[in-house]
Amino acid sequence: MTKKKAHSLLGILVLFMAMVLIGCSSSEGNTTEENSEGNNQEPTSKTEEEVVVNFMHLWPEGSSKQHHMIVEDIIAEYEGNNPNVKVKTEILSNEQYKEKLKILAASNELPDVGMTWAAGFLEPYVDGNKFASLDDLISGELGESFIAGTTEAYALNGTTYGLPLELNIAPIYYNKQIFADNNVEVPETYEEFVSVVKTLAENGVTPITLGNKDRWTGSMWYMYLADRIGGPETLTNAINRTGTFEDPALIQAAEEIQNLVKLDGFLKGFNGLSNDEAKGPFMNEQAAMYLMGSWELPNYTTNEDVPQEFKDNIGFFKFPPVEGGKGDINSFVGGPGVGLFVSEDSKVKEEAKAFVQFFVEKWGERSVTDAGVIPATKVDTSSVDLPQMYIDVLNELSNASNITLYADVQMSPTVAQEHLNLIQSLFGEQISPEDYAKKHEEALSSEE
């Protein structure tokens with residue numbers, strides 16, 4: 001499947017919310033519980049001896065407490081139902097996970113089950129015959145439980161290599177009390193947004209928290225500006241080569257990023273901070289705004305470790321439109337989140353697939369109420385008590401005019417790495433907007 005097709009499929013995702021709503025109206029660092037020992041265990045008798053399924057995921061207990069809790073509960077239930085199966089976990093933060101996955105794939109030591117992203121991220125693993133086909137899992141009732149278009153984003157050449165767990169959009173979260181204290185209101189246009197940033201900065205308040213050491217965080221800011229200035233297809237067309245990255249709208253978006261930097265719009269030292277580190281100032285009410293995926297909703301709705309007073313202070317708004325731009329305020333950056341894969345070389349592939357099927361089913365049941373996560377499977381919300389912010393995000397998703405898949409996920413891993421490096425250089429004012437666009441174009445053209 002081409003990247004363009006993967007992107008177009010995301011447009012289908014918005015349709016699911018109409019159906020859903022009828023019913024209702026990564027701690028920092030390496031947190032390893034039980035390290036995977038690879039797939040070198042000898043084949044065992046599935047009736048007499050213990051079968052070990054190695055599972056690597058990216059939800060540490062510290063930074064993703066509720067996700068982590070659900071994973072542990074699902075594993076415990078699965079092992080209870082299957083006494084001869086032991087699931088061993090290795091848990092890493094987001095960026096560490098991506099790096100280790102590359103290393104394990106190169107050495108043919110992938111875990112039996114792991115997490116992957118859609119579209120371009122899948123390609124090298126599929127090309128290298130590292131991920132097993134999961135077509136057999138979605139041929140029955142499980143396949144029918146997924147929201148239309150989600151599994152297709154994990155397919156290449158008609159074969160499905162991953163089963164999605166999440167569906168996300170990225171709004172701008174903001175602190176209502178900080179806004180009120182500084183006499184600023186939710187901006188309805190980008191020009192008003194810039195005015196809010198100026199006022200907050202002049203008042204000694206950090207306008208926006210950002211951990212751009214991880215770089216995909218800054219990429220989302222760039223993607224929204226590209227969308228609002230050039231329209232929803234401009235960036236995607238540049239990536240899939242029906243357009244160019246040197247489109248004036250994409251250059252202007254880069255200029256706007258550097259304008260925000262010059263206005264002291266972002267947290268000091270943002271290029272050296274991870275997303276987990278940058279989250280702190282927002283959670284501690286020391287920063288006014290935070291652009292992040294809807295996977296953060298638990299911290300503002302259901303996380304019992306977060307003070308209710310703070311949760312009551314948090315709202316969200318859509319990235320505002322740019323005057324004269326072609327973008328629509330109802331166009332979001334987002335798409336399917338992580339999914340599960342099974343290693344093609346797993347010596348316990350049958351048990352690994354059975355665990356994946358069980359995990360997806362249970363995740364869909366638990367993630368809504370226990371973690372405030374929008375799952376990739378259909379949800380009957382008629383009997384589910386959801387926080388208002390969660391309902392509001394679901395409503396926004398149902399009304400979305402477009403969802404643009406994260407740029408680094410659309411790209412091949414090689415180009416994605418170049419994109420992320422250039423994002424950091426752009427935010428650090430180490431490259432001009434024109435050179436930023438030119439280098440992207442060169443990297444994309446080299447793979448045609």
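All values reported here derive from a predicted model rather than from experimental measurement.
- Here the OG atom belonging to Ser145 is positioned 7.0 Å from the CD atom belonging to Glu361, to the nearest 0.5 angstrom.
- Among all heavy-atom pairs drawn from Ser63 and Lys279, the shortest one is O-NZ, 4.1 Å.
- Listed for the Gln410 side chain is no donor-acceptor partner under 3.5 Å among the backbone atoms of Gly120.
- Between Ile208 and Leu291, the closest side-chain pair of non-hydrogen atoms is not below 4.5 Å.
- For the pair Leu122 and Ala153, the tightest heavy-atom approach, listed with the atom from each and the gap, is CD1-O, 4.4 Å.
- Residue Lys98 holds its NZ atom at 10.5 Å from CG of Leu101, rounded to the nearest 0.5 Å.
- Two residues are said to be in side-chain contact when any heavy atoms from C-beta on lie closer than 4.5 Å; Glu351 and Asn82 fail this criterion.
- Formation of a donor-acceptor pair under 3.5 Å by the Thr209 side chain with backbone atoms of Tyr290 is not found in this model.
- For an aromatic pair to be called close, the ring centres must be under 6.0 Å apart, and Tyr174 with Phe317 satisfies this.
- In summary, of the residues considered (Glu442, His440, Glu441), a side-chain contact (heavy atoms from CB on, under 4.5 Å) with Glu246 occurs for Glu441 alone.
- Under a 3.5 Å cut-off, the side chain of Asp247 and the backbone N or O of Ala249 do form a donor-acceptor pair.
- Counting only distance, with no hydrogens or angles, the side chain of Asp112 and the backbone of Asn54 share a donor-acceptor pair below 3.5 Å.
- A side chain to side chain donor-acceptor pair (under 3.5 Å) with Ser412 is found for exactly one of Glu123, Glu447, Gln417, Glu418, namely Glu447.
- Judged by distance alone, with hydrogens and angles left aside, the side-chain atoms of Lys362 form no donor-acceptor pair with the main-chain N or O of Ile74 at under 3.5 Å.
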Full working for side-chain hydrogen bond (donor to acceptor under 3.5 Å, both in side chains) between Ser343 and Asp345: CA-CA 5 Å; Ser343 171; Asp345 295 328; 5.0 Å; no
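- By the salt bridge (charged side-chain N to carboxylate O under 4.0 Å, His left out) test, Lys439 is found to be paired with no residue, residues two or more places apart in sequence or in another chain being considered.
- Ring geometry, Phe319 versus Tyr224: the interplanar angle falls under 30°, so the pair is classed parallel (tilted spans 30 to 60°).
- With hydrogens and angles ignored, the 3.5 Å screen pairs no side-chain donor or acceptor of Ser64 with any backbone N or O of Glu61.
- Of the possible polar contacts, one joining the Tyr97 side chain to the Met115 backbone as a donor-acceptor pair under 3.5 Å is found.
- The shortest non-hydrogen separation linking Ala119 to Leu405 is CB-CD2, 3.7 Å.
- Inspection of the Asp328 and Ser401 side chains reveals an N or O donor paired with an N or O acceptor under 3.5 Å.
- Under the ring-ring contact (aromatic ring centres under 6.0 Å, His included) criterion, Trp117 pairs with Phe121, sequence neighbours left out.
- Proximity of a side-chain donor or acceptor of Ser446 to a complementary backbone N or O of Ala443 within less than 3.5 Å is detected.
- Looking at Gln424 and Asn271, their side chains come closer than 4.5 Å, going by heavy atoms from C-beta outward.
- Checked by atom type and distance alone, the side chain of His68 pairs as donor or acceptor with a backbone atom of Trp59 at under 3.5 Å.
- Counted within 6.0 Å of NZ on Lys326, heavy atoms from surrounding residues, nucleotides or ligands total 12 or fewer; the atom is thus considered open.
- Using a 4.5 Å heavy-atom threshold, the side chains of Asp227 and Val333 count as separate.
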Contacts under 3.5 angstrom, residues 427-438 side chains, donor-acceptor by atom type, not counting sequence neighbours:
{"residue": "Glu429", "atom": "OE2", "partner": "Lys262", "partner atom": "NZ", "Å": "2.9"}
{"residue": "Ser432", "atom": "OG", "partner": "Asp435", "partner atom": "N", "Å": "3.1"}

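- From Glu99, atom CD reaches atom CG of Asn94 across 10.5 Å, with rounding to the nearest 0.5 Å.
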Evaluate the criterion ring-ring contact (aromatic ring centres under 6.0 Å, His included) for residue pair Tyr173 and Tyr300; output intermediate values, then yes/no. CA-CA 9 Å; Tyr173 302 102; Tyr300 317 134; 4.8 Å; yes
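- Contact annotation: the side chain of Thr301 never approaches that of Lys311 to less than 4.5 Å [non-hydrogen atoms, C-beta and beyond].
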Using the rule given for side chain to side chain contact (heavy atoms under 4.5 Å, CB included), can you reason through Val113 versus Lys353, listing the C-alpha separation, both sets of side-chain angles and the distance that settles it, and then say yes or no? CA-CA 8 Å; Val113 177; Lys353 286 189 174 185; over 6 Å; no
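- Val360 is listed as a side-chain neighbour of Phe146, based on a closest heavy-atom distance under 4.5 Å.
- In this structure, a donor-acceptor pair under 3.5 Å is absent between the side chains of Asp276 and Ser274.
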What's the verdict on side chain to side chain contact (heavy atoms under 4.5 Å, CB included) for Phe359 and Leu163, showing C-alpha distance, side-chain angles and the deciding distance? CA-CA 10 Å; Phe359 191 100; Leu163 297 186; over 6 Å; no
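- Nearest approach of Asn212 to Gly218, heavy atoms of both residues: OD1-N, 3.0 Å.
- To the nearest 0.5 Å, atoms CD1 (Ile423) and CG (Asp408) are separated by 9.5 Å.
- Residue Glu396 holds its CD atom at 11.5 Å from OG of Ser294, rounded to the nearest 0.5 Å.
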Run the numbers on Tyr154 and Leu134 for side chain to side chain contact (heavy atoms under 4.5 Å, CB included), then give the verdict. CA-CA 10 Å; Tyr154 289 80; Leu134 300 182; over 6 Å; no
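- Remark: side-chain polar atoms of Arg228 are paired, donor with acceptor, to backbone N or O of Ser331 under 3.5 angstrom.
- Counting only N and O atoms by type, the side chains of Asn275 and Thr217 include no donor and acceptor under 3.5 Å apart.
- Between Ile239 and Leu235, some side-chain heavy-atom pair lies under the 4.5 Å cut-off.
- Within the 4.5 Å cutoff, side-chain heavy atoms of Leu165 are placed close to those of Leu340.
- For Tyr125 and Tyr161, the ring centers are positioned 6.0 Å apart or more.
- Between the CG atom in Leu142 and the CG atom in Leu137 there is a gap of 6.5 Å [rounded to 0.5 Å].
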Yes or no on side chain to side chain contact (heavy atoms under 4.5 Å, CB included) for Val322 and Glu256, after CA distance, side-chain angles and deciding distance? CA-CA 11 Å; Val322 174; Glu256 287 299 330; over 6 Å; no
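- Taking the six-membered ring wherever Trp is involved, the centroid distance between the rings of Phe355 and Phe55 falls below 6.0 Å.
- The environment of Lys65 atom NZ is sparse: at most 12 non-hydrogen atoms of other residues, nucleotides or ligands sit within 6.0 angstrom.
- Closest non-hydrogen pair, Gly334 versus Ile403, comes out as C-CG2, 3.5 Å.
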So Glu277 and Lys213, salt bridge (charged side-chain N to carboxylate O under 4.0 Å, His left out) or not? Walk me through it. CA-CA 10 Å; Glu277 291 171 321; Lys213 182 179 179 180; 5.5 Å; no
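- Within a 6.0 Å sphere centred on CD of Gln388, heavy atoms belonging to other residues, nucleotides or ligands number more than 12.
- When all heavy atoms are compared, the tightest approach of Ser133 to Glu344 is N-OE1, 4.3 Å.
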